[in-house]
K.L.:
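My questions will all concern the structure given below.
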Amino acid sequence: MNQEAPRKTLPRLDESLLTHLPPFSQLERHQIRTILDQASSRRYAAGAHIFDEADPADRFFMLLDGYVRVMRVTSTGEQVTALHIPSGQLLGIAKALGRDTYPATAVTATESIVLSWPTRLWDTFVTEYSGFATETYKTVGHRVGEMNNRVVEMATQQVEQRVANALLRLVNQTGRKVDGGIEIDFPITRQDLSELTATTLHTASRLLSGWEKLGVVESKRKRIKVCDPHALVLLSQG
DNA sequence: TCATTAATCGATA
DNA sequence: TATCGATTAATGA
């Protein structure tokens with residue numbers, strides 16, 4: 001479903017790509033046209049770095065298709081996934097955080113299509129396009145809240161609850177309804193899940209196979225489907 | 001209760 | 001076939 005004939009340039013961008021996305025939804029058509037004419041679009045293979053932590057933030061991005069993992073490096077030097085970003089969201093918005101370097105590393109989890117603009121346009125966007133700033137800060141606030149929740153969970157909850165919570169979050173953000181449940185819409189390994197929850201691959205694996213026996217989840221390689229979200233909520237609350 | 005090590009099996013490219 | 005991901009058991013913090 002993601003295969004795309006290789007080509008040097010993507011087709012001319014259509015206004016409808018942005019009209020329904022929150023940061024742009026309140027804009028006039030001609031404003032969106034202007035924004036698109038200033039954008040570069042690029043396709044990334046799975047696992048590609050869009051930008052790295054501490055790099056100068058010379059561009060900001062809108063994820064049009066695919067999924068991106070935001071990675072941070074812990075004090076001990078390990079890479080940890082901080083959060084996942086589904087398509088239709090902005091990323092690399094250092095300017096919104098008052099920074100001139102990227103606060104984290106963004107790696108594509110699937111093949112992705114990304115629009116980007118030079119950071120110098122940020123102030124123009126904020127002042128000239130009503131709704132852009134408020135919608136942007138809304139998503140920023142939401143993300144910060146999620147990361148904080150995760151930190152609190154790490155400190156207070158048992159492993160089983162943390163993993164259950166992480167799964168619920170993934171389902172909420174990127175879940176896709178399929179028959180028999182909700183599937184996480186991008187490839188996620190036990191390793192990834194264990195990094196999200198600060199546990200080991202093996203513990204995450206054991207928990208998942210336990211839940212699979214209970215009929216709460218189903219999983220194949222790199223795929224996890226939640227069949228009984230309610231049961232997972234119960235698990236997440238201990 | 002959970003992490004670590006190691007062995008093994010199966011899927012994927 | 002070589003590599004990667006998933007599973008399980010054993011052991012110890």
Side-chain angles (χ1 to χ4, degrees), chain A residues 1-7 43-50 52 65-86 104-113 146-176 178-238:
Chain A
M1 107 174 150
N2 250 341
Q3 80 283 22
E4 187 74 29
R7 54 187 157 217
R43 194 167 57 84
Y44 291 86
H49 286 222
I50 300 176
D52 286 291
D65 188 42
Y67 288 96
V68 168
R69 268 194 270 275
V70 175
M71 319 277 292
R72 308 234 25 208
V73 179
T74 66
S75 45
T76 55
E78 301 150 287
Q79 289 252 316
V80 168
T81 305
L83 74 123
H84 288 84
I85 297 183
T105 299
V107 181
T108 55
T110 65
E111 180 176 331
S112 300
I113 298 182
E146 277 212 352
M147 298 219 276
N148 278 342
N149 282 342
R150 209 191 295 282
V151 171
V152 172
E153 282 170 20
M154 301 287 193
T156 61
Q157 297 187 330
Q158 307 271 69
V159 170
E160 186 177 40
Q161 281 99 54
R162 296 209 303 269
V163 177
N165 266 313
L167 257 189
L168 284 172
R169 251 196 304 273
L170 285 169
V171 163
N172 282 333
Q173 286 169 9
T174 70
R176 188 171 52 90
V178 294
D179 59 300
I182 307 171
E183 188 172 75
I184 291 166
D185 200 22
F186 61 90
I188 180 155
T189 65
R190 316 300 158 122
Q191 177 81 54
D192 294 330
L193 196 56
S194 68
E195 285 173 0
L196 277 174
T197 53
T199 182
T200 61
L201 155 70
H202 313 274
T203 300
S205 179
R206 255 184 243 109
L207 285 171
L208 275 183
S209 33
W211 294 342
E212 179 142 18
K213 284 197 180 69
L214 296 175
V216 177
V217 302
E218 271 176 41
S219 65
K220 322 187 234 313
R221 174 178 252 236
K222 290 192 178 186
R223 288 273 154 200
I224 301 175
K225 180 172 80 176
V226 176
C227 307
D228 189 347
H230 183 246
L232 205 55
V233 170
L234 294 183
L235 285 165
S236 76
Q237 291 166 358

K.L.:
Quick one, A:Leu167 and A:Ile184 - any side-chain contact, counting heavy atoms below 4.5 Å?
P.N.:
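In short, these two side chains touch, coming nearer than 4.5 Å.
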K.L.:
Determine whether a donor-acceptor pair (N or O, by modelled atom type, separation under 3.5 Å) exists between the side chain of A:Ser209 and the backbone of A:Arg206.
P.N.:
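Yes, A:Ser209 side chain to A:Arg206 backbone: donor-acceptor pair under 3.5 Å.
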K.L.:
What are the atom names and distances for every N/O pair under 3.5 Å that joins the protein to nucleotides 10-13 of chain C?
P.N.:
none

K.L.:
Any heavy-atom pair between the side chains of A:Asp228 and A:Trp211 that's under 4.5 Å?
P.N.:
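Result no, sub-4.5 Å side-chain heavy-atom pair not found.
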K.L.:
Do you know the tightest heavy-atom contact between A:Arg150 and A:Leu83?
P.N.:
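Minimum heavy-atom separation between A:Arg150 and A:Leu83: NH2-CA, 4.2 Å.
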K.L.:
Rounded to whole Å, please give me the gap between CG in A:Leu208 and C1' in C:dT8.
P.N.:
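These atoms are roughly 15 Å apart.
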K.L.:
For A:Lys213 and C:dT7, what is the distance between atoms NZ and P respectively, to the nearest whole Å?
P.N.:
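From A:Lys213 NZ to C:dT7 P: 9 Å.
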K.L.:
Using side-chain heavy atoms (C-beta onward) and a distance below 4.5 Å, is A:Thr189 in contact with A:Pro187?
P.N.:
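No, too far: nothing below the 4.5 Å cut-off.
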K.L.:
Using side chain to side chain contact (heavy atoms under 4.5 Å, CB included), reason through A:Leu207 and A:Thr199 one step at a time and then give a plain yes or no.
P.N.:
CA-CA 11 Å; A:Leu207 285 171; A:Thr199 182; over 6 Å; no
K.L.:
Between C:dG5, B:dC2, C:dT7, which one does the side chain of A:Thr189 approach most closely?
P.N.:
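For A:Thr189, the side-chain atoms sit closest to C:dG5.
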K.L.:
Taking only side-chain N and O atoms of A:Ser205, does any of them lie within less than 4.0 angstrom of OP1 or OP2 on C:dG5?
P.N.:
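For C:dG5, neither OP1 nor OP2 has a side-chain N or O of A:Ser205 closer than 4.0 Å.
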K.L.:
Does A:Thr200 reach a base, just sugar-phosphate, or nothing at all? Heavy atoms under 4.0 Å.
P.N.:
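Base: the residue A:Thr200, judged by heavy atoms under 4.0 Å, touches a nucleobase.
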K.L.:
Choosing from B:dT1, B:dT4, C:dT8, which nucleotide comes nearest the side chain of A:Ser209?
P.N.:
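Of the options given, the side chain of A:Ser209 lies nearest C:dT8.
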K.L.:
Any idea which heavy atoms bring A:His84 and A:Leu196 closest together, and the distance?
P.N.:
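Minimum heavy-atom contact is CE1-CD1, 3.8 Å.
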K.L.:
Assign A:Ser219 to base, sugar-phosphate, or nothing according to its heavy-atom contacts below 4.0 angstrom with the strands shown.
P.N.:
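Since no nucleic acid heavy atom lies under 4.0 Å of A:Ser219, the category is nothing.
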K.L.:
When you check the gap from the basic side-chain N to the acidic O, do A:Glu153 and A:Arg162 get nearer than 4.0 Å?
P.N.:
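No, no charged N to carboxylate O under 4.0 Å.
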K.L.:
Rounded to the nearest Å, what distance is computed from the NZ atom of residue A:Lys222 to the P atom of nucleotide C:dT3?
P.N.:
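To the nearest whole Å, that distance equals 16 Å.
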K.L.:
Would you classify A:Lys220 as touching base, sugar-phosphate or nothing, given that sugar-phosphate means primed atoms plus P, OP1 and OP2, and contacts are heavy atoms under 4.0 Å?
P.N.:
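Contact class for A:Lys220: none.
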K.L.:
Once you round it to whole Å, what is the distance between P of B:dC2 and CG of A:Leu207?
P.N.:
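Rounded to whole Å, this separation is 8 Å.
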K.L.:
Measuring from atom OG1 of A:Thr108 to atom CD1 of A:Ile85, what distance do you get when rounded to the nearest 0.5 angstrom?
P.N.:
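If we round to the nearest 0.5 Å, A:Thr108:OG1 and A:Ile85:CD1 are 12.0 Å apart.
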K.L.:
How would you summarise protein contacts on nucleotides 6-13 of chain B per nucleotide, using B for base, S for sugar-phosphate only and - for none, with heavy-atom distances below 4.0 Å?
P.N.:
B---BBS-
K.L.:
Using modelled atom types only, decide if a donor and an acceptor are shared between the side chain of A:Ser205 and the backbone of A:His202 within a distance under 3.5 Å.
P.N.:
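No.
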K.L.:
For side chain to side chain contact (heavy atoms under 4.5 Å, CB included), just list the numbers for A:Val159 and A:Thr197, CA-CA rounded to whole Å, side-chain angles, deciding distance to a tenth of an Å, and then say yes or no.
P.N.:
CA-CA 8 Å; A:Val159 170; A:Thr197 53; 5.8 Å; no
K.L.:
What verdict does the side chain to side chain contact (heavy atoms under 4.5 Å, CB included) test give for A:Leu170 and A:Val226, after you've listed the backbone C-alpha separation in whole Å, the side-chain angles of each residue and the deciding distance to 0.1 Å?
P.N.:
CA-CA 10 Å; A:Leu170 285 169; A:Val226 176; over 6 Å; no
K.L.:
Using a 4.0 Å cut-off on heavy atoms, which residues in residues 190-197 of chain A reach DNA chain C? List them by number, or say none.
P.N.:
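Nucleic-acid contacts, sorted: A:Arg190.
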K.L.:
Given atom CG of A:Leu201 and atom C1' of B:dT5, what is their separation to the nearest angstrom?
P.N.:
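Between C1' of B:dT5 and CG of A:Leu201: 12 Å.
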K.L.:
Does the side chain of A:Gln158 get closer than 4.0 angstrom to OP1 or OP2 of B:dC2 through an N or O atom?
P.N.:
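Answer yes for this pair, as a side-chain N or O of A:Gln158 is under 4.0 Å from OP1 or OP2.
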